[in-house]
Amino acid sequence: MIFVMDDKFLKPYNPTESEARVAKLWDESGFFNPDKLPERNQKGEPFSIVLPPPNVTGTLHSGHALAFTIEDIMVRHARMKGMKTLWIPGTDHAAIATQSKVEKEIQKKEGKSRHDLGRDELLKRVRAFAQESHDTIVNQVKKMGCSIDWSREAFTLDEKRNLAVRTAFKKMYDDGLIYRDFRVVNWDPKGQTTISDDEIVYETRKAKLYTFKYAKDIPISISTTRPETKLGDTAIAVHPDDPRYKSFIGKEYDAVFTGEPIHLKVIADTSVDKEFGTGALGVTPAHSQIDWEMGQKHGLPLKQVINEYAKMTVGDDSIKGKKTIEAREAVVEWLKFEGLLEKEEEIEQNISTAERTGGIVEPLPKLQWFIGVNKPFKRDGKEVTLKILMKEAVERGIGGSQPIQIIPDRFAKVYEHWIENLRDWCISRQIWYGHRIPVWYKDSQIYCGIEAPAGEGWVQDEDTLDTWFSSGLWTFSTLGWPDEKEFTANKAYHPTTILETGYDILFFWVARMILMTTYLLGEIPFKTVYLHGLVRDGKGRKMSKSLGNIIDPLEMTGKYGTDAVRMALIVAVGPGNDSKFDEQKIKAYKLFANKLWNIARFILSSTDGVTFDSSFKDFTAADKVHLECLQTLVKESSTEMNEFKYYLVAEKLYHYAWHELADKILEESKPIIGVFGAPEPTDKVAKLSRQQFLLTALHSLLKLLHPFMPFVTEEIWSSMPGRESLLLVEEWPVA
RNA sequence: GCGCGGUUAGCUCAGUUGGUAGAGCAUCCCCUUGACGUGGGGAGGGUCACAGGUUCGAAUCCUGUAUCGCGCACCA
């Protein structure tokens, strides 16, 4: 027997070599671009998905690698099924995250603040950093084998997306959904900007609850964990039915509190909890969200005593100019000295910190831009709100669509709950890196437009938009919206087929996309949402720079091959479940890639000279059993792929290849075919039957495995006799 | 406080129409010059967190408890 086989099979599978070669094949084919796909796909149903744009804040981590893997499995599977498949890449400018990272670096290296540099210079630096990150990210995406259409790459802060942002803003402004208002917002003193409710991370800490009187002649005691804010109190609130305080309601008191004159009115409000503390509450309208609302309701004066740097602006020498935490101690000292402090107890408290900077959030009254989620407007003759649209998208569907399917479905409940608690979204940020708010001022005039107004003297709003405003438009801004011609040409791709992302950005991103798309387009942004879990370290901890436990997926692909990393990330990890990164697991799948390699070597060398005949019928009884088993595998895999159960399919294929095909069938085949030491068999019918079966099995297996292990399967495919095209665009097998 | 998820072999985890427990890795024994030692065969190892209930039968359904984790709310 003569083996006419590539020499490459005589050596173990070498991922590094093969991956480079295969990547080049794919690249040259152009098949990542839907317009260049073969005829079969051109006629197919469109399949579209966006890459969740990674932040240009640095390099990627294993969470990204997991996302890329799942998404690429979806895309490759759809392409093989004959769909006109589009996967759009892009990156996110990530406003606060990126700017604060660059600022930190500049501060560290040059000791300069952003104000030392100025707006233009800082932006120049940030852009340079973003560009560098971008290039790294693109390389990493490519390395993972993502079959993504680079010709359509987008950036949340590029020209086209900026136009989309301005257009969206203007429309919402005209509809009264975007408005400017003065109220207490979440201020991050560290990042020197406002943040939205969702950008707050709560940390449970021990705190002291102080109970005291403002002055000896004020009869009501109050409790607080923040005595320093009491300099800004303008009322004492009690419950209207509280017999202890009923007689005081309506009375007013004056006092000098740590050198600061204060005027307090006793008000009655049902929101006061009679059981907590003394049952009386000092109202600080300028430094508490709830107190602000109470202040509005009761017409209380606003008195700001803390500034943007979390420093006191009033009080005596021991207070004024001090940080709030220092001032707190000083106030307590004063209370003790004056004999006003009645009780000091330790309690657990949730404190608000800013997600990106870690700064302790200081509620401050400020003039900011908001999106009103409860503001009614007309849609198809019906009165709705953004909240209603967001809810309907998942419950009933929009404009006659099916409801958005969330996988796993338990997250639909989480989403719903979030919407119920949703308040107006503060979208203005006092940072420089981002989309500038398209509003101009001149004297007392205000102008909102896609372009700057004509005429002299108009000054644009200094603020930029929350980064999620632009990512909310992503499914359609990447398809050309608002350019009518471009968007129309791409309309078949919207709503996108599926959105794949981590459950940790369900609110940030998924919900905001639903908001923007249902409002601006009157349709859902995607039909299905697939949420993956967090990839944790070996000990189950979240990976982070500060813990130093980040595992670089690229280091692993270099060591074990991309296919092995992909398999390790996907096998047995169901949607919505966190997983632990496990190097052992990657190693195991590297062995599997090699096993596949040798299965191919066995089959190709023992079918030398035989032409694969897909319509071959004369199988022996034994081969018919094998064939049936194979068909069951194809059938089950196909069903489970369509149900997004990739974690099951991958394992099933592994098991079949290794323990059924290799361990049983190949061993059994040696005497039947007469290879590897076995004498030439007399039963030629059985031999041909087995050879045809083995070729059939290899064909099917390579196809089934391709979405999971694209490199090794494509590399083997390239040695298959009689192949017509790249495995990338081969037809998904049917049972 | 409300809600969600986990608790299965030493480790990491699968197990959806309920039918006498599975995988990978690890451990131990054995085999082998002929696809692959990145191999093959085999073994040990689990009262499926606990307690009730439904059922002929429960890891799987119901109720409750414990424990770990997460989300939201509260946060005077």
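Within every chain, numbering begins at 1; the chains are lettered A, B, ... in the order of the sequence lines, protein sequences first and strands thereafter. Quick caveat: nothing in here was measured; it's all calculated off a predicted structure.
Stretches of at least 3 consecutive Watson-Crick or G-U wobble pairs, with each checked distance under 3.5 Å, appear in RNA chain B as B:1-7 with B:66-72, B:10-13 with B:22-25, B:27-31 with B:39-43, B:49-53 with B:61-65.
A donor atom on one side chain and an acceptor atom on the other are not found under 3.5 Å apart for A/Q691 and A/T607. A/S196 and A/E199 share a side-chain donor-acceptor pair at under 3.5 Å.
Residue A/L209 has its side chain nearest to B/rA76 when only B/rG24, B/rA76, B/rG39 are considered. The A/Y647 side chain lies nearest to B/rG15 when the options are B/rA76, B/rC75, B/rG15. Across B/rA14, B/rU16, B/rG40, the shortest atom-to-atom separation from the side chain of A/D663 is found for B/rG40. When distances run from any side-chain atom of A/N594 to the nucleotides B/rG71, B/rC36, B/rG24, the shortest one goes to B/rC36. Closest to the A/Q349 side chain, of the nucleotides B/rU16, B/rA76, B/rA73, is B/rA76. Among B/rG15, B/rU38, B/rA76, the nucleotide with an atom closest to any side-chain atom of A/L648 is B/rG15. Of the candidate nucleotides B/rC25, B/rU38, B/rG71, B/rG71 has the atom nearest to the side chain of A/F507. Looking at the side chain of A/N421, the nearest of the listed nucleotides B/rC36, B/rA73, B/rG15 is B/rA73. Comparing B/rU12, B/rC72, B/rG39 by their nearest atom to the side chain of A/K580 picks out B/rU12.
In this model, the phosphate group of B/rG40 is approached by a side-chain N or O of A/W658 to a distance below 4.0 Å at OP1 or OP2. A sub-4.0 Å separation between OP1 or OP2 of B/rU12 and a side-chain N or O of A/K585 is absent. A sub-4.0 Å separation between OP1 or OP2 of B/rU38 and a side-chain N or O of A/K595 is absent. At least one side-chain nitrogen or oxygen of A/N577 sits closer than 4.0 Å to the OP1 or OP2 atom of B/rA14. Between A/H659 and B/rG24, a side-chain N or O to OP1/OP2 separation shorter than 4.0 Å is present.
Every residue meeting the side-chain contact (heavy atoms from CB on, under 4.5 Å) condition with A/D504, not counting sequence neighbours, appears here in chain and number order: A/L534.
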Evaluate salt bridge (charged side-chain N to carboxylate O under 4.0 Å, His left out) for A/K391 paired with A/E420, printing each intermediate quantity in order.
-> CA-CA 9 Å; A/K391 230 174 155 162; A/E420 271 160 27; 3.8 Å; yes

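If you measure from atom CD of A/E355 to atom P of B/rC72, you get 11 Å, rounded to the nearest angstrom. If you take CD1 of A/I603 and C1' of B/rC36, they are 13 Å apart, rounded to a whole angstrom. When rounded to the nearest whole Å, the span between CG of A/L531 and P of B/rG5 equals 14 Å. Per the geometry, OH belonging to A/Y654 stands 14 Å off C1' belonging to B/rG22, to the nearest Å. In this structure, OH of A/Y202 is placed 16 Å from P of B/rC70, rounded to the nearest angstrom. Atom NZ in A/K670 sits about 12 Å away from atom P in B/rU33, given to the nearest Å. Regarding A/M567, its CE atom lies at a distance of 16 Å from the P atom of B/rA14, rounded to whole Å. Between the CG atom of A/L569 and the C1' atom of B/rU12 there is a distance of 14 Å, given to the nearest Å.
For the side-chain hydrogen bond (donor to acceptor under 3.5 Å, both in side chains) criterion with A/Y560, the lone passing option out of A/K590, A/K587, A/E555, A/E583 is A/E583.
RNA chain B is contacted by A/S223, A/T224, A/T225 of residues 223-230 of chain A, taking any non-hydrogen atom closer than 4.0 Å.
Within 4.0 Å of A/K645, counting heavy atoms only, lies at least one base atom of the nucleic acid. Within the 4.0 angstrom heavy-atom criterion, no nucleotide atom of any strand lies near A/A237. Residue contacts for A/L506: at a heavy-atom cut-off of 4.0 Å it reaches no nucleic acid atom on any strand shown. Among the protein residues, A/E667 comes within range of the nucleic acid bases, having at least one heavy atom under 4.0 Å from a base atom. Residue-level contact check: A/K413 touches the backbone only, with heavy atoms under 4.0 Å from sugar-phosphate atoms and none from bases.
Across the P atoms, B/rG52 and B/rU20 are found 24 Å apart, a figure rounded to whole Å. One C1' atom belongs to B/rA58, the other to B/rA26, and the distance between them is 31 Å to the nearest Å. With both ends at atom P, the span from B/rG44 to B/rC29 equals 15 Å, rounded to whole Å.
Listed for the A/D188 side chain is no donor-acceptor partner under 3.5 Å among the backbone atoms of A/A354. At distances below 3.5 Å, at least one donor-acceptor pair connects side-chain atoms of A/S288 with backbone N or O atoms of A/D291. When atom types are taken as modelled, the side chain of A/S18 and the backbone of A/P15 share no donor-acceptor pair closer than 3.5 angstrom.
Between A/K664 and A/E667, no side-chain nitrogen of the basic residue sits less than 4.0 Å from a carboxylate oxygen of the acidic one, so the salt-bridge criterion is not met. The pair A/E346-A/K206 does not count as a salt bridge, with every side-chain nitrogen at least 4.0 angstrom from each carboxylate oxygen. Salt bridge status for A/R183 with A/E293: absent, with no side-chain N to carboxylate O gap under 4.0 Å.
With RNA chain B read from its 5' end, the first of the two nearest nucleotides for A/D578 and A/V414 is the one closest to A/D578. Heavy-atom nearest nucleotides on RNA chain B were determined for A/I599 and for A/V571, and the one closer to the 5' end corresponds to A/V571.
A/W658 and A/F592 have parallel rings, their planes meeting at less than 30° on a 0 to 90° scale where 60° marks the start of perpendicular.
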